[in-house]
Amino acid sequence: MPAENVKNMSVVTQIKEATVKAISHLYGINLPGREILVNATKPEFEGDYTVVLFAFVKQLKKSPDALGQELGDTIVAQNPDLFTSYNVIKGFLNLSIADSYWLQFVTKEFTNAHFGYADPNNQRVMVEYSSPNTNKPLHLGHLRNNFLGRSIAEILKANGNEVAKTCIVNDRGIHICKSMIAWQMYANGATPASTNTKGDHFVGDYYVKFNDEYKRQIKELTEKNIPEELAEKEAPIMKAAQQMLLDWEAGKPEVKELWQHMNSWVYAGFDATYKRIGSDFDKTYYESSTYLLGKDLVTSGLEKGVFYQKEDGSVWIDLTADGLDEKLVRRKDGTSVYITQDIGLAEQKQKEFNAGQSIYVVGDEQNYHFKVLKLICQKLGLPSADGIYHLSYGMVELPTGKMKSREGTVVDADDLVEEMVNFAKQKTEELGKVKDFTPEELTELYDIIGLGALKFFLLRVDPKKKMVFNPEESIDFHGFTGPFIQYTHARIKSILRKAGGETVLQTSDSKLQTLLPLEKELSIHLEMFPSILQDAATEQDPSKVAIYIFNLAKIFNSFYTEHSIGNAENAEKKALRLQLAQLTAQVIKNGMSVLGIRVPERM
RNA sequence: GGACCGGUAGCUCAGCUGGAUAGAGCAGCUGCCUUCUAAGCAGCAGGUCAUUGGUUCGAAUCCAAUCCGGUUCACCA
């Protein structure tokens with residue numbers, strides 16, 4: 001292996017390889033590196049990294065102690081540059097890494113603005129996220145979706161993938177017609193401009209009005225002793241909406257025109273929100289132009305015998321052998337269902353982007369749907385099939401329970417963003433550290449902090465799990481939060497400015513040989529960043545990055561409190577600590593960047 | 001009823017491919033700003049890892065059963 005590659009390998013990988021080599025050397029057995037478990041050594045023991053020996057004690061027919069001694073001797077002897085010593089406690093081989101290794105690492109990387117990012121790997125990945133409906137504005141759940149989608153895309157990019165971000169807009173269907181009917185009934189020609197209302201909220205208000213009137217009509221009918229089920233069907237306003245949907249499908253000009261008009265208001269509103277929260281897409285699909293896709297695939301699937309037709313003419317697939325149910329793919333009237341469109345769209349996207357992997361960021365209530373989708377595509381033998389991956393995320397709940405639009409407990413995305421930014425403003429003013437900022441700089445700073453807090457809050461937990469959104473806690477800027485990390489970054493930048501920048505940092509041929517405990521701990525943590533980014537990509541889990549950067553910031557703050565950086569004991573120490581500070585700032589910046597969070601120079 | 005997901009400190013969450021005495025943050029209590037940003041640091045306190053059984057050198061982690069919570073199983077999208 002070329003020397004350059006060795007240098008770029010993570011310490012953990014190097015330890016695994018050293019262990020493999022030592023075992024092979026001592027016992028003539030070749031173990032795969034992934035079978036070797038390497039952990040950070042617990043603080044109460046001496047050493048930096050620990051090889052857990054129990055796993056191969058049996059295979060090598062050695063006592064843990066003897067094995068540890070022999071392995072330790074060999075590993076240290078074979079890698080004198082990397083290790084200084086070892087100790088064995090029970091079945092744990094604790095290895096101490098040479099301080100010179102960390103010194104070398106810090107000196108090499110502290111000017112590397114791309115530290116942690118991998119070279120292009122020629123793989124294409126598609127990430128579909130956001131998927132809004134055009135009958136109401138975005139809410140808290142959409143925010144989790146948008147932040148996750150955007151972040152996964154950035155994490156994949158950082159790992160060398162070429163990423164295409166797409167969005168599918170649900171712009172047709174009965175829900176849109178409800179808003180349209182209500183607008184016709186109540187608006188008297190009002191527009192977002194005439195009422196000075198953001199377009200998506202404007203249209204959403206009529207959706208609410210529809211439901212209010214619908215409820216009232218149902219009540220009126222049930223009071224006339226009409227059964228509730230029938231009343232729900234017979235309410236005049238619902239019948240009007242259904243008629244409008246039929247007219248839309250028939251292409252009736254005045255309906256289409258109204259539809260386009262109202263959707264354009266909504267898009268203007270969405271655009272503003274997307275711009276504010278940092279969501280963007282390489283391509284947007286509209287269901288109004290994709291909902292007929294997949295019909296030909298049903299036909300060919302029938303010919304192949306993947307699907308079967310029932311007596312009434314409806315077309316199905318039997319997935320009971322795969323532990324699922326029978327699933328309809330075409331109605332008896334010949335129209336297609338939701339999943340048919342998804343199959344067709346998967347194929348279309350495959351043709352357009354030819355991505356090896358296609359990630360759908362969609363809530364976990366659709367787990368079954370995506371299982372079925374992938375299975376059907378596989379049975380049809382479609383090229384897109386194996387790359388389909390559902391990044392399933394849990395619902396966002398309030399401390400009081402689920403968000404329900406009917407009960408008015410939905411947290412609106414725009415409102416929440418404004419609230420967070422205002423809180424950032426209030427907090428910043430209280431602290432009074434940036435009184436010399438221009439109004440523009442202040443506005444930008446409030447955005448950075450407020451949005452940073454919100455994004456970090458929603459990204460810091462495992463996507464798969466449902467989470468509770470507590471307004472009081474989420475608005476906190478202390479502890480495990482975005483602003484805490486941003487603050488650490490700003491603090492480092494302040495130190496670097498005061499230290500006079502580059503010239504001090506360039507002291508390269510330092511005579512330093514040893515590190516103090518916190519200097520070493522910080523170095524070790526910094527070195528982990530590239531493998532954390534890889535992990536986050538493999539697991540498709542941004543929270544791995546969030547947790548890592550938080551811990552990094554904590555370690556830096558301890559280091560900062562304990563040791564003077566700008567006024568270090570001597571020139572070598574000063575140079576080292578400035579390098580450590582700069583690399584920490586860089587890792588915070590790069591890590592926050594894949595979460596879609598900016599970091600300020602001052603705050 | 002079937003399938004899937006979850007239950008860890010008062011609250012919100014890490015840890016889950018089995019490894020050393022289960023970790024953070026918030027809330028509570030003590031200290032620390034005339035030296036690099038106190039949106040910070042140091043410390044105290046807080047746990048039958050839902051319950052029971054099993055697998056083994058070792059279980060929060062794996063298996064089984066039970067209890068609790070959620071999602072889903074539409075000729076809706």
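Just so we're on the same page: letters track the sequence lines, and every chain starts at 1.
Checking the phosphate oxygens (OP1, OP2) of U37(B), a side-chain nitrogen or oxygen of K498(A) falls inside 4.0 Å. Note on N557(A): a side-chain N or O is less than 4.0 Å away from OP1 or OP2 of C41(B). Note on Y560(A): a side-chain N or O is less than 4.0 Å away from OP1 or OP2 of A38(B). R331(A) has a side-chain polar atom (N or O) that falls below the 4.0 Å cut-off from OP1 or OP2 of C76(B). For A39(B), the OP1/OP2 oxygens have a side-chain nitrogen or oxygen of Y487(A) closer than 4.0 Å. Close to U37(B), at under 4.0 Å from its OP1 or OP2, lies no side-chain N or O of K433(A). OP1 or OP2 of U37(B) lies within a sub-4.0 Å distance of a side-chain N or O belonging to S494(A). Here H369(A) does not reach the OP1 or OP2 of U72(B): none of its side-chain N or O atoms lies under 4.0 Å away. Between K464(A) and C16(B), a side-chain N or O to OP1/OP2 separation shorter than 4.0 Å is absent. Taking 4.0 angstrom as the limit, K465(A) places a side-chain polar atom (N or O) nearer than this to OP1 or OP2 of G7(B). Checking the phosphate oxygens (OP1, OP2) of A39(B), no side-chain nitrogen or oxygen of T481(A) falls inside 4.0 Å.
F484(A) does not qualify as a stacking partner of the G40(B) base, lacking a centre-to-centre distance under 5.5 Å together with planes within 30°. Both geometric conditions, a ring-centre gap below 5.5 Å and a plane tilt below 30°, are fulfilled for F92(A) over the base of A20(B).
Under the 90° criterion around 0 for the glycosidic angle, C4(B) counts as anti.
A donor-acceptor pair under 3.5 Å links the side-chain atoms of D171(A) to the main chain of E287(A), judged by distance alone. In this structure, D364(A) contributes its side chain and N367(A) its backbone to no donor-acceptor pair below 3.5 Å. When atom types are taken as modelled, the side chain of T340(A) and the backbone of S336(A) share no donor-acceptor pair closer than 3.5 angstrom. Remark: the backbone N or O of H525(A) is paired with a side-chain donor or acceptor of Y548(A) at under 3.5 angstrom.
The same atom, P, is picked in C63(B) and in G69(B); the two are 23 Å apart, to the nearest Å. Across C49(B) and G28(B), the matching P atoms stand 27 Å from one another, rounded to whole Å. Comparing the C1' positions of C29(B) and U66(B) gives a spacing of 40 Å, expressed to the nearest Å. A distance of about 31 Å separates the P atoms of G10(B) and U72(B), rounded to the whole Å. G1(B) and A45(B) are spaced 47 Å apart, taking the P atom of each and rounding to whole Å. Nucleotides G53(B) and A60(B), compared at atom P, are 14 Å apart to the nearest Å. Nucleotides C62(B) and G7(B) place their P atoms 11 Å apart, quoted to the nearest Å.
In this entry the distance linking CD of Q366(A) with C1' of U72(B) reads 11 Å, nearest Å. The CD atom of E365(A) sits 10 Å away from the C1' atom of U72(B) (whole-angstrom rounding). The interatomic distance linking R460(A) (CZ) with A24(B) (P) rounds to 15 Å, in whole Å. The distance from atom CZ of F437(A) to atom P of U37(B) is 13 Å, rounded to the nearest whole Å. For D322(A) and C4(B), the CG to C1' distance is 16 Å, given to the nearest whole Å. Computed from coordinates, the K327(A) NZ to U72(B) P distance equals 12 Å when rounded to whole Å. Look at CD1 on I597(A): it is 20 Å from P on A39(B), rounded to the nearest Å. Summarising the geometry, the separation between OH on Y285(A) and P on A77(B) is reported as 21 Å, rounded to the nearest angstrom.
Nucleic acid contact for V461(A): sugar-phosphate only, since backbone atoms but no base atoms lie under 4.0 Å from a heavy atom of the residue. Contacts of D312(A) with the nucleic acid, taken as non-hydrogen atoms under 4.0 Å apart, include base atoms. Residue R602(A) is in base contact, counting any heavy-atom pair closer than 4.0 Å across all strands shown. M603(A) comes within 4.0 angstrom of a nucleotide base, judged by non-hydrogen atoms across all strands.
Among the nucleotides G40(B), G19(B), U21(B), the one closest to the side chain of F54(A) is G19(B). The side chain of K371(A) has A3(B) as its nearest neighbour among G19(B), A3(B), G40(B). The listed nucleotides are G40(B), A39(B), C4(B); the one nearest the side chain of T561(A) is G40(B).
Nucleotide A22(B) forms no Watson-Crick or G-U wobble pair with any nucleotide shown, as no partner meets the under 3.5 Å limit on both distances.
Atom CD of E46(A) sits in a sparse spot, with 12 or fewer heavy atoms from other residues, nucleotides or ligands closer than 6.0 Å. Residue E430(A) places its CD atom among more than 12 non-hydrogen atoms of other residues, nucleotides or ligands, all under 6.0 Å distant.
The base of A42(B) has none of its N or O atoms less than 3.5 Å from a complementary donor or acceptor on the side chain of S558(A). Not a single donor-acceptor pair, N or O on each side, falls under 3.5 Å between the base of A74(B) and the side chain of D325(A). Side-chain atoms of N470(A) and base atoms of C11(B) include no donor and acceptor less than 3.5 Å apart.
In this structure, E444(A) pairs ionically with R598(A), as a charged nitrogen and a carboxylate oxygen lie closer than 4.0 Å.
Ranked by how close their nearest RNA chain B nucleotide is to the 5' end, S543(A) and L324(A) are led by L324(A). Taking for each of L53(A) and P483(A) the nucleotide of RNA chain B with the nearest heavy atom, the 5'-most of the two is the partner of L53(A).
Side chain to side chain, E326(A) and Y308(A) meet the donor-acceptor criterion of an N or O pair below 3.5 Å.
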